[in-house]
Visitor: 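Can you keep this structure in mind? I'll have questions shortly.
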Amino acid sequence: MTAHSTSLKIGDKVVDLPVKEGSIGPAVVDIGKLYAQTGMFTYDPGFTSTAACESKITYIDGDEGVLLYRGYPIEQLAEHGDFLETCYLLLYGELPTPTQKSDFDYRVTRHTMVHEQMMRFFQGFRRDAHPMAVMVASVGALSAFYHDSTDISDPYQRMVASMRMIAKMPTLAAMAYKYSIGQPFVYPKNDLDYTSNFLRMCFAVPCEEYKVNPVLSRALDRIFILHADHEQNASTSTVRLAGSSGANPFACIAAGIACLWGPAHGGANEAALQMLQEIGTVDRIPEYIKRAKDKNDPFRLMGFGHRVYKNYDPRAKIMQKTCHEVLGELGIKDDPLLDVAMELERIALKDEYFVEKKLYPNIDFYSGITLKAMGFPTDMFTVLFALARTVGWIAQWKEMIEDPGQRIGRPRQLYTGETRRDYTPMAQRK
Ligand code: SDX
């Protein structure tokens with residue numbers, strides 16, 4: 001990392017601040033000593049211009065619509081690789097050799113079962129609990145079952161916790177789904193690949209053999225690749241901040257799941273499908289476009305816009321292609337939701353409001369239609385996002401923990417509240 005410096009004039013004071021260049025992307029001004037030198041903080045509540053860390057994992061060029069995992073374009077990984085290969089790449093920085101891949105698959109496969117008492121943990125939920133509420137709780141509860149992998153200072157325990165998280169998320173996600181529909185839990189099978197195992201745990205019933213559709217399994221595996229990591233998004237930043245205090249990895253991932261649930265973030269896939277269902281037919285699109293542009297209307301086009309992508313989200317393009325592939329495989333000729341989505345995208349991309357604000361479909365715009373066609377209920381969409389993103393959260397958490405300069409994250413503030421004042425006894429209050 002090459003460095004030079006820049007100067008900042010504040011009042012009659014000039015301070016020199018180091019500038020650090022990355023391998024690609026924007027350089028950064030290191031303001032770590034700004035407060036000591038000037039008594040002032042920087043102010044950037046939405047972190048629109050703030051790099052919170054240095055990372056080697058994922059690179060996004062929002063203007064060019066580029067997404068690289070460890071330097072590899074998402075389009076190539078989605079086309080040629082599988083999800084566990086992407087997990088290995090994100091965790092260790094290189095594509096695995098054939099031996100490394102089969103060893104990694106073997107290790108993940110043999111961590112897919114959860115402690116039998118987790119079943120009882122689920123019994124405490126109402127059947128109509130949102131599966132994301134169940135995931136936040138059950139993932140957090142893993143730290144109550146797996147004490148032998150919560151010491152984050154031990155590299156071996158960090159590796160075991162990472163394997164356990166990646167391996168057990170599909171099992172817990174399938175359990176959350178089965179519990180919500182009152183069907184018995186299905187145990188993982190070691191002779192199935194990661195995503196086929198997940199599909200079987202979700203859709204198999206004891207009364208008959210379940211045959212995995214290889215086209216759907218491949219499509220869902222690709223969807224997991226698209227969702228695996230995305231630089232310092234809100235939920236990843238949550239995991240890093242939680243991890244910076246030394247909290248165990250299960251608790252950190254639970255915090256990430258909680259943040260992802262929001263409709264502005266991972267909850268957008270559920271919200272986008274609900275929006276398409278509310279619009280219902282193509283002729284109602286203009287009314288909703290008008291609402292999305294109305295400053296006084298809180299309605300937004302869910303699945304549109306992005307903090308970083310000011311060009312088409314490269315994942316959305318692959319998602320759209322996968323959507324057509326899945327609908328074709330399932331013989332769904334004319335899905336009204338897809339018609340509405342395609343027409344909504346066509347109109348929005350020509351509308352000067354969306355063009356001027358650089359609002360394009362993001363990964364959440366087409367994912368809901370695809371997952372619904374596969375048989376997942378809407379409230380499971382963000383659970384699938386969390387399942388896939390777990391490897392990204394773990395890789396970013398691991399990178400932070402292994403950074404020798406790592407410190408607890410503790411932002412400051414601009415205080416605009418009351419200045420000092422004395423307590424008024426109750427008898428004197430009017
Ligand atoms: C994900 O960060 C990541 O990498 C996230 C993610 C990942 O992989 O981790 O990519 C996953 O979260 C994708 C985003 C999913 N969210 C949605 O689809 C929800 C709808 N989109 C928006 O809420 C919004 O676009 C955000 C939250 C995604 C981005 O918000 P920003 O960057 O804070 O942008 P903004 O809210 O300041 O919007 C800029 C302008 C505003 O208008 P002005 O105040 O400038 O006049 O664009 C408008 C907004 O009103 N705008 C929209 C809009 N999104 C932004 N107007 C209508 N519909 C929208 N969807």
Side-chain angles (χ1 to χ4, degrees), residues 1-64 66-68 70-71 93 152-153 158 229-249 251-252 255-256 258-259 262 264-265 306-310 358 392-422:
M1 185 169 44
T2 55
H4 48 91
S5 73
T6 185
S7 44
L8 178 66
K9 189 171 183 311
I10 297 180
D12 54 4
K13 190 170 216 176
V14 176
V15 289
D16 270 342
L17 297 171
V19 174
K20 295 178 177 174
E21 303 278 352
S23 38
I24 38 177
V28 298
V29 179
D30 182 342
I31 55 163
K33 298 211 172 8
L34 182 74
Y35 178 56
Q37 291 171 327
T38 67
M40 290 177 87
F41 298 138
T42 58
Y43 184 69
D44 183 14
F47 306 122
T48 47
S49 307
T50 294
C53 65
E54 178 190 332
S55 180
K56 302 179 185 333
I57 299 174
T58 293
Y59 175 73
I60 303 171
D61 182 331
D63 296 326
E64 298 302 319
V66 168
L67 170 57
L68 308 176
R70 300 283 190 179
I152 60 152
S153 63
R158 291 203 299 268
D229 192 48
H230 213 236
E231 197 210 71
Q232 305 310 320
N233 59 83
S235 53
T236 297
S237 301
T238 301
V239 171
R240 277 182 172 258
L241 198 54
S244 74
S245 76
N248 74 71
C252 294
C259 177
H265 190 13
H306 199 277
R307 171 62 57 77
V308 178
Y309 289 122
K310 300 308 170 192
K358 298 184 179 177
W393 290 330
I394 284 283
Q396 300 269 352
W397 167 79
K398 179 174 175 286
E399 182 177 65
M400 178 204 59
I401 293 286
E402 290 168 359
D403 173 356
Q406 189 268 323
R407 303 170 67 192
I408 189 167
R410 205 293 188 197
R412 302 302 304 274
Q413 62 179 11
L414 171 67
Y415 178 71
T416 55
E418 296 288 340
T419 55
R420 190 192 182 288
R421 53 183 175 164
D422 293 325

Visitor: With rounding to the nearest 0.5 angstrom, report the CG to NZ distance, Asp63 to Lys358.
Guide: 6.0 Å

Visitor: To check you understand the geometry: which heavy-atom pair defines the closest contact between Gly243 and Ile401, and what is its length?
Guide: O-CD1, 4.0 Å

Visitor: Check whether more than 12 heavy atoms from other residues, nucleotides or ligands sit under 6.0 Å from atom OH of Tyr43, and answer yes or no.
Guide: no

Visitor: For the side chain of Asp30 and the backbone of Pro18, is there at least one donor-acceptor N/O pair under 3.5 Å apart?
Guide: no

Visitor: Under the criterion side-chain hydrogen bond (donor to acceptor under 3.5 Å, both in side chains), which of Gln396, His265, His230 is the partner of Ser235?
Guide: His265

Visitor: I would like to know whether Glu402 and Lys398 meet side chain to side chain contact (heavy atoms under 4.5 Å, CB included); could you show each step before the answer?
Guide: CA-CA 6 Å; Glu402 290 168 359; Lys398 179 174 175 286; 3.4 Å; yes

Visitor: Distance alone, cut at 3.5 Å: any donor-acceptor contact between the side chains of Ser237 and Asn233?
Guide: no

Visitor: Check Trp393 against Thr236 and note the closest heavy-atom contact, atom names and distance.
Guide: CD1-OG1, 3.4 Å

Visitor: Side chains of Gln406 and Ser244 only: does a donor on one sit below 3.5 Å from an acceptor on the other?
Guide: no

Visitor: May I ask you to say whether Glu54 pairs ionically with Lys20, meaning some side-chain N is under 4.0 Å from a carboxylate O?
Guide: no

Visitor: More than 12 heavy atoms of other residues, nucleotides or ligands under 6.0 Å from CZ of Phe41: yes or no?
Guide: yes

Visitor: Do we see a donor-acceptor contact under 3.5 Å between the side chains of Ser49 and Asp44?
Guide: no

Visitor: Does Leu67 reach the side chain of Thr58, with side-chain heavy atoms less than 4.5 Å apart?
Guide: yes

Visitor: Looking only at heavy atoms, what is the nearest atom pair of Ala247 and Trp397, with distance?
Guide: O-NE1, 4.4 Å

Visitor: Give the minimum heavy-atom separation between Val308 and His306, together with the two atoms involved.
Guide: N-ND1, 2.9 Å

Visitor: Is there a donor-acceptor pair closer than 3.5 Å between any side-chain N or O of Arg307 and the backbone N or O of Gly46?
Guide: yes

Visitor: Heavy atoms, side chains only, cut-off 4.5 Å: are Leu8 and Ile31 in contact?
Guide: no

